There are 4 protein chains.
Amino acid sequence: MSGAQREKHESILDAAFEVFGKKGFYDTKISDITEHAGIAKGTMYLYFKSKEELFAAVTRRDWETFLRELNYQIKHADGLRDKLQKVAKHHLEYYYERKAHTKLFFHAPNNDPELMQMMHGFLTRYMAAVREVLEESGMSDPDFYAKAYIGMLDRLKMDILFEGDFTREALEKRVQQTVRLFLQGIEKELSE
Amino acid sequence: MSGAQREKHESILDAAFEVFGKKGFYDTKISDITEHAGIAKGTMYLYFKSKEELFAAVTRRDWETFLRELNYQIKHADGLRDKLQKVAKHHLEYYYERKAHTKLFFHAPNNDPELMQMMHGFLTRYMAAVREVLEESGMSDPDFYAKAYIGMLDRLKMDILFEGDFTREALEKRVQQTVRLFLQGIEKELSE
Amino acid sequence: MSGAQREKHESILDAAFEVFGKKGFYDTKISDITEHAGIAKGTMYLYFKSKEELFAAVTRRDWETFLRELNYQIKHADGLRDKLQKVAKHHLEYYYERKAHTKLFFHAPNNDPELMQMMHGFLTRYMAAVREVLEESGMSDPDFYAKAYIGMLDRLKMDILFEGDFTREALEKRVQQTVRLFLQGIEKELSE
Amino acid sequence: MSGAQREKHESILDAAFEVFGKKGFYDTKISDITEHAGIAKGTMYLYFKSKEELFAAVTRRDWETFLRELNYQIKHADGLRDKLQKVAKHHLEYYYERKAHTKLFFHAPNNDPELMQMMHGFLTRYMAAVREVLEESGMSDPDFYAKAYIGMLDRLKMDILFEGDFTREALEKRVQQTVRLFLQGIEKELSE
DNA sequence: AATGAATGAGCATTCATTCAT
DNA sequence: GATGAATGAATGCTCATTCAT
């Protein structure tokens, strides 16, 4: 793929992110996306096999970015508390930045097994990253605790997405609260 | 509505629960449901305004049951630990019993604002019930903690729904772990 | 199927015969046919599974009529010469009456194995009917002669279909010539 | 056109013959042909105006070869019987050699008037060649007899094309039978 | 009340053809 | 001359909903 093609590939993904995120998978027409990208309808099919695959590609790019940055944050944090804090902040800020594109998360195609598979893979990788942080601190059953931590964060994201006036300050407070709650909760499990 | 009508109303809901739960909203045809219920296609429209409304009614009935039982459990439990335990057990068992109907939760109609509204209402009532439990123990910011607790449980439900061999024993263990984690986590916030 | 339904079924076939015969399979839109029949597009699909199946049904009805009348003609004819004459007349008149619907024969769907199969079946039944006539006269290799006879007729039909001014008198003359040629040709094979 | 160009022109025709013959006009994509010919898609359009024209060119080349050889055979045959025999053999062998490319004959483009015109021209030239043979023998109405003869052969070709196990010996037998049938049939019309 | 035949809006995708390089 | 990326017209079919019976 040439440079120009890579650029077009990206610009289609950008347009698709925009439109899928605002209108949801089913209410988005291919022509909505291609018009937004300034290309002809058929051109999309030179880069993506189908509407489903395009949605999957948008999701994949977004998640890969999420996971890359997550790992970067964890790597450059010091100690358990700092790492958990970075995770929480990353999780909540990710959704904060996507407030205007909520339909990416709630209005995905319903019965695409490949997409389901892919999503599951991402969730697993997210969980694994958090589990590793906990393992380093010598916790037992780190799987369970990783899931619980992510679960808390994921519930809190709802307020961010659906309360129009959620501020960055409120977000920051949530981060602190969550870390505190979790750290106290696991205190006795830590091997020190 | 006469008794016979009420019965038919219920039997349509039963059929819809079954089919929506197995095939998801979009892959379910009205005729699938009416055939399952043993009635004519048009008859459904005498009882429900639309496919969306039927789905909403199925969801509503299920959630109302959930909340009714939740409140019953809380009312008949003693003390914070017991109440939290009952909540966790109820939440996880609810999904355990619906393992065969996962598409009710993941393949809902995408763009029905009324349904979104309704779901939001149920989540709020669920949260409120847990918040009350926490408030009774004199916690500050009980909203946050209620959400965190529910978030943990909701993440754990995924394993129940998608791990085919999840047992009731494993479920029970999750309940204990979650309660323990949470209670330790909030220990210092408790006013006693 | 009720009487009214049977009538609608027939009227769709009539419309399809008309439009397919004039424009050919590929240049006919479903809406052309349903408009011609005075019904909605979806209604066609209550009676026929697909465009291909509708075309097959049109063809089937036409061929069944052809074969029914053929057998009737043969049954009510006396002796070999008369029977061959009736066959020739029937074959050529059939196409004469369908001069305005030539595309039924030349612009059929190209890759429908079921249709190919069906057509093959009809040709076989036609051949079998002629073969029987020859067998009664004690000919050897009646298969070959039946095919040769039908072949002559089928080539002659082309003039009928594509020469605009072909008259019934010319047709009648062709019948006589063909019978004469064929009878002389097989004279020595006859067992008398 | 240079030599190299002529070669490419031919190689496109070869590829088109191959692919059209195997998959039929509608199921063949231009890219199928150009890939088979080892050239880029656009290049085809430097040599042929359209897909239809390419198909017509393939057909034309094939028919011209057919007619050239036919005339050669007729010219080098002696007497009516020999000439008719050569015609029959040529006709049936032509299809025998194209058993693997039947779709050239049955899955042609449906609504190309120019192609129809061309095909008609070839049929006429074929007919004329046979008619001349008959005329030399002083027959009356040679047109009719030429068509009848070709008709017989054309019906017999079907068996060759669609019966997988048709042998050259069976073909030879058909030739003999056809000539015999026809010669006896026209015996009395011959002026000698 | 119950039926089920009829309706018709809605949309992803293909592929022959073009034309800038 | 050769390329191949871009174009965009064109259409069969589904299925929620209606309404005459």
Side-chain angles (χ1 to χ4, degrees), chain A residues 1-2 4-5 8-9 26-35 37-54, chain B residues 1-2 4-5 8 25-35 37-55 109, chain C residues 1-2 4-5 8-9 25-35 37-54, chain D residues 1-2 4-5 8 25-35 38-55 109:
Chain A
M1 216 188 272
S2 75
Q5 275 177 303
K8 190 161 292 192
H9 189 267
Y26 287 98
D27 280 359
T28 295
K29 284 175 271 175
I30 290 297
S31 59
D32 292 337
I33 293 171
T34 54
E35 273 164 34
I39 58 171
K41 210 142 41 108
T43 306
M44 190 279 278
Y45 288 91
L46 297 177
Y47 292 85
F48 301 93
K49 226 173 50 228
S50 65
K51 190 183 175 186
E52 274 80 9
E53 212 197 73
L54 176 57
Chain B
M1 215 189 268
S2 76
Q5 276 177 308
K8 189 163 288 191
F25 181 78
Y26 286 97
D27 281 358
T28 294
K29 287 178 259 176
I30 290 295
S31 59
D32 290 338
I33 292 171
T34 53
E35 273 165 36
I39 57 170
K41 206 143 49 110
T43 307
M44 192 278 279
Y45 288 90
L46 299 176
Y47 293 85
F48 300 94
K49 218 171 63 218
S50 68
K51 191 184 179 186
E52 273 80 7
E53 210 198 75
L54 176 56
F55 188 92
Chain C
M1 215 188 273
S2 74
Q5 275 179 306
K8 189 161 291 190
H9 189 267
F25 181 78
Y26 286 98
D27 280 0
T28 295
K29 284 175 271 175
I30 290 297
S31 60
D32 291 338
I33 292 171
T34 53
E35 273 165 35
I39 57 171
K41 212 148 32 113
T43 307
M44 192 280 277
Y45 289 91
L46 296 178
Y47 292 85
F48 301 93
K49 225 170 52 224
S50 66
K51 190 183 177 186
E52 273 80 8
E53 212 196 74
L54 176 58
Chain D
M1 216 189 270
S2 76
Q5 277 179 308
K8 189 164 289 193
F25 181 78
Y26 286 98
D27 282 357
T28 294
K29 286 178 262 177
I30 290 296
S31 59
D32 291 337
I33 293 171
T34 53
E35 272 165 35
I39 57 171
K41 206 143 49 112
T43 308
M44 192 279 280
Y45 287 90
L46 300 175
Y47 292 85
F48 301 94
K49 218 172 61 218
S50 68
K51 191 185 178 185
E52 273 81 8
E53 210 196 75
L54 176 58
F55 188 92

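Protein chains get the first letters and strands the later ones, always in sequence-line order, with residue 1 at the start of each. All of these numbers come straight from a predicted model, not from anything done at the bench.
For the pair Ile33(B) and Met44(B), the minimum side-chain heavy-atom distance is 4.5 Å or more. For the pair Leu46(B) and Lys8(B), the minimum side-chain heavy-atom distance is 4.5 Å or more.
Between the OH atom of Tyr47(C) and the P atom of dG12(F) there is a distance of 20 Å, rounded to whole Å. Computed from coordinates, the Glu53(A) CD to dA12(E) C1' distance equals 14 Å when rounded to whole Å. Distance, Ile39(A) CD1 to dT7(F) P: 7 Å, rounded to whole Å. Gln5(B) has its CD atom 6 Å from the P atom of dA2(E), to the nearest Å. Nucleotide dG12(F) holds its C1' atom 16 Å from the CZ atom of Phe48(C), rounded to whole Å. Between the CD1 atom of Ile33(C) and the P atom of dT11(F) there is a distance of 13 Å, rounded to whole Å. Atom CD in Glu35(B) sits about 12 Å away from atom P in dA16(F), given to the nearest Å.
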Q | CA sep, side-chain torsions, deciding dist, call: Thr43(C), Thr34(C), side chain to side chain contact (heavy atoms under 4.5 Å, CB included) | A | CA-CA 8 Å; Thr43(C) 307; Thr34(C) 53; over 6 Å; no

Q: Do nucleotides 14-21 of chain E as a string where each nucleotide becomes B, S or -: B if the base has a protein heavy atom under 4.0 Å, S if just the sugar-phosphate does, - if no protein is that close.
A: BSSBB---

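Considering only residues two or more places apart in sequence or on other chains, Lys29(B) meets the side-chain hydrogen bond (donor to acceptor under 3.5 Å, both in side chains) condition with none of them. Under the side-chain contact (heavy atoms from CB on, under 4.5 Å) criterion, Ser50(D) pairs with Glu52(D), Glu53(D), sequence neighbours left out. Residues meeting the side-chain contact (heavy atoms from CB on, under 4.5 Å) test with Lys51(B), sequence neighbours left out: Phe20(B), Phe25(B), Ile30(B). For the salt bridge (Lys or Arg N to Asp or Glu O under 4.0 Å) test, no residue two or more places apart in sequence or in another chain qualifies with Glu35(C). Under the rule for a ring pair (Phe, Tyr, Trp, His ring centres under 6.0 Å), Tyr45(A) has no partner lying at least two apart in sequence or in another chain.
Here the CZ atom belonging to Phe55(B) is positioned 13.0 Å from the CZ atom belonging to Phe48(B), to the nearest 0.5 angstrom.
For Lys8(C), the side-chain atoms get nearest to dA6(E) when compared with the rest of dT3(F), dA6(E), dA1(E).
Consecutive Watson-Crick or G-U pairs involving DNA chain F, each under 3.5 Å on both distances, make up stems of three or more pairs at E:2-21 with F:2-21.
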